[in-house]
Protein chains: 2
Amino acid sequence: MSVASGNDRSPAASPGGATSSASEREEATAHDVLGAIELELAQLLRRAERTRASGAPGTSRRDGTLDRSGYLLLHTLGTHGPLHVTALAERLGLDGSTVTRQVAALEHAGHVRRARDPRDGRAVVVEPTTAGLDELAAHRAARTAVYADVLGGWSRLDRALLAELLTRLNDDLDAYRHRRDAP
Amino acid sequence: MSVASGNDRSPAASPGGATSSASEREEATAHDVLGAIELELAQLLRRAERTRASGAPGTSRRDGTLDRSGYLLLHTLGTHGPLHVTALAERLGLDGSTVTRQVAALEHAGHVRRARDPRDGRAVVVEPTTAGLDELAAHRAARTAVYADVLGGWSRLDRALLAELLTRLNDDLDAYRHRRDAP
DNA sequence: TCAGATACCTGTATCTGACAGATAACTACC
DNA sequence: GGTAGTTATCTGTCAGATACAGGTATCTGA
């Protein structure tokens, strides 16, 4: 499990020229690490798409269980309490129409309740039902169990590191997105 | 706020083993960490899906550039050399039909070349073209640049840690998938 | 009151992938 | 050789997640 053993002889992209100074060599290394992160993330994401399509880890749906979108939406509601569709979209980083559909699906499954906001006739307050929260907990436990299996060989420290680094990565990706959207 | 303060993240025993009767507390903590990992990954993956749909980081297509699927396929070819469709599907963890279509798209764009295997008339050998490899390198540079921006505030050590942990995570997810498929 | 902003919903399109079935080619065995 | 079974690929069809555009209802301020 050597550190990022980049067994990756991509035909190009090698910073040309024999490196002379240490700083140049360091930059090349930094670049490689970024490339490795980029590649690993791409692979991770594609794998996840495949996983979602088939029924592997925590997926099922159509029988009342949650897919990832529903899971994250419900999780947001469970964490922040009842929210408007717009607020959900904002927190989830999604288009409002997408959230509308996800909420509709969750409502159909009995996981959330929708109600007009009495103080704003345009707005809809989305609130988790008890059944929804139960399903959320069960789903979360199932997903966590999968990761307990996947990460069975990891030390506690490495798991903690992964959790923290992923959190930071998410935060920084979020910041990046905002940086790009705003200006 | 570097995570890797003590640079020994080796699978050594948990530091501060002073906790004696706290096995219950430790289990709860371990569970929380798994839950955090699970949640962060779910968020990461969903974010990526959104990113793909809009045009943010490394997406463009239709003008000869690569989407993520094409990128990974081309990368596999660049790393392993010419491969059959089946071998590609196996390495990418995808259904053969999916690879067929991705290869067709890449061929249309001039990024790969297809040829019947002379030793097996059923098989098709997929090979990257020079243009494809160039595009791969350019694409990879662009994506790497995005991550250089996203991870701009990270220490070199944390980046290296992330790269390693992601690599291990991918490997273990792969192993998990095989464990589930085979038996 | 009326214009504009806001919140949500619906219609439509795209991207990615899977599964099932069709076709062509190879392999074994009699 | 002929026939059956296997394998490699392709094609048809479907589903999920999401975006964008446009529509309707509602609110807000002058």
Side-chain angles (χ1 to χ4, degrees), chain A residues 42-43 45-56 58-62 65-73 83-90 92-109 112 114-126 177 181, chain B residues 42-43 45-56 58-63 65-73 83-90 92-108 112 114-126 177 181:
Chain A
Q43 290 173 339
L45 302 179
R46 219 269 339 276
R47 178 199 323 282
E49 245 150 52
R50 197 222 178 199
T51 289
R52 162 164 58 76
S54 53
T59 326
S60 8
R61 73 199 61 115
R62 193 177 306 263
T65 42
L66 298 172
D67 52 23
R68 185 172 69 238
S69 10
Y71 166 59
L72 287 174
L73 199 156
L83 289 172
H84 287 182
V85 171
T86 304
L88 271 170
E90 169 61 24
L92 293 169
L94 288 174
D95 189 88
S97 66
T98 302
V99 173
T100 288
R101 288 179 225 270
Q102 291 182 358
V103 166
L106 286 172
E107 184 186 32
H108 187 74
V112 304
R114 297 191 321 160
R116 218 84 218 182
D117 187 332
R119 268 154 323 196
D120 186 341
R122 299 165 300 177
V124 168
V125 177
V126 185
R177 177 163 69 83
D181 285 356
Chain B
Q43 289 172 341
L45 303 179
R46 220 270 337 281
R47 181 199 321 282
E49 243 150 55
R50 198 222 177 196
T51 290
R52 160 166 58 77
S54 50
T59 326
S60 8
R61 69 196 64 113
R62 194 176 301 266
D63 51 355
T65 41
L66 298 173
D67 51 24
R68 185 172 69 234
S69 11
Y71 166 59
L72 287 175
L73 199 156
L83 290 172
H84 288 181
V85 171
T86 305
L88 270 171
E90 168 63 23
L92 292 169
L94 286 175
D95 189 87
S97 66
T98 301
V99 172
T100 289
R101 288 179 224 270
Q102 291 181 358
V103 166
L106 286 172
E107 184 186 33
H108 188 75
V112 303
R114 296 190 323 162
R116 220 83 218 182
D117 187 331
R119 270 154 321 193
D120 186 340
R122 298 165 300 177
V124 168
V125 177
V126 186
R177 178 164 68 83
D181 285 355

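All values reported here derive from a predicted model rather than from experimental measurement. Naming: A, B, ... by sequence-line order, numbering from 1 per chain.
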Got a list of protein N/O to nucleotides 24-28 of chain D N/O distances below 3.5 Å?
unit_1: D:dT26; atom_1: O3'; unit_2: A:G121; atom_2: N; d: 3.4
unit_1: D:dC27; atom_1: OP1; unit_2: A:G121; atom_2: N; d: 2.6

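- Atom CZ in B:R47 sits roughly 17 Å away from atom C1' in D:dA19 (whole-Å rounding).
- When rounded to the nearest whole Å, the span between CD of A:Q43 and P of C:dG17 equals 13 Å.
- Summarising the geometry, the separation between CG on B:D95 and P on D:dT9 is reported as 12 Å, rounded to the nearest angstrom.
- Among residues two or more places apart in sequence or in another chain, the salt bridge (Lys or Arg N to Asp or Glu O under 4.0 Å) test is passed with A:E107 by A:R114.
- Proximity of B:R46 to A:L92: side-chain heavy atoms (C-beta onward) are separated by under 4.5 Å at one or more points.
- For A:T100, the side-chain contact (heavy atoms from CB on, under 4.5 Å) test picks out A:V85, with sequence neighbours left out.
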From CA spacing to verdict: side chain to side chain contact (heavy atoms under 4.5 Å, CB included), A:L94, A:Q102: CA-CA 11 Å; A:L94 288 174; A:Q102 291 182 358; 4.0 Å; yes

Solution key, residues 116-123 of chain B side-chain donor-acceptor pairs under 3.5 Å, sequence neighbours excluded:
unit_1: B:R116; atom_1: NE; unit_2: B:G121; atom_2: O; d: 2.9
unit_1: B:R116; atom_1: NH2; unit_2: B:R122; atom_2: O; d: 3.0
unit_1: B:D117; atom_1: OD1; unit_2: B:R119; atom_2: N; d: 2.8
unit_1: B:D117; atom_1: OD2; unit_2: B:H84; atom_2: NE2; d: 2.8
unit_1: B:D120; atom_1: OD1; unit_2: B:R122; atom_2: N; d: 3.0
unit_1: B:D120; atom_1: OD1; unit_2: B:R122; atom_2: NE; d: 3.0
unit_1: B:D120; atom_1: OD2; unit_2: B:R122; atom_2: NH2; d: 2.9

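- A:T98 is linked by a side-chain hydrogen bond (donor to acceptor under 3.5 Å, both in side chains) to nothing, counting only residues two or more places apart in sequence or in another chain.
- C:dC8 atom P lies 14 Å from atom CG of A:L94, rounded to whole Å.
- Here D:dG16 presents its P atom at 17 Å from CG of A:L73, a figure rounded to the nearest Å.
- Rounded to whole Å, the distance from CZ on B:R46 to P on D:dA17 is 11 Å.
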Test log, rule side chain to side chain contact (heavy atoms under 4.5 Å, CB included), inputs B:L45 and A:L45: CA-CA 6 Å; B:L45 303 179; A:L45 302 179; 3.1 Å; yes

Under the 3.5 Å Watson-Crick or G-U criterion, the dot-bracket string of DNA chain D, with | for inter-strand pairs: ||||||||||||||||||||||||||||||

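- If you take CG of B:L45 and P of D:dG16, they are 19 Å apart, rounded to a whole angstrom.
- In this structure, the side chains of A:R68 and A:L72 come closer than 4.5 Å at one or more pairs of heavy atoms.
- Atom pair A:E90:CD and C:dA7:P shows a separation of 11 Å (rounding to whole Å applied).
- Residues of residues 96-103 of chain B having a heavy atom closer than 4.0 Å to DNA chain C, listed by number: B:S97, B:T98, B:R101, B:Q102.
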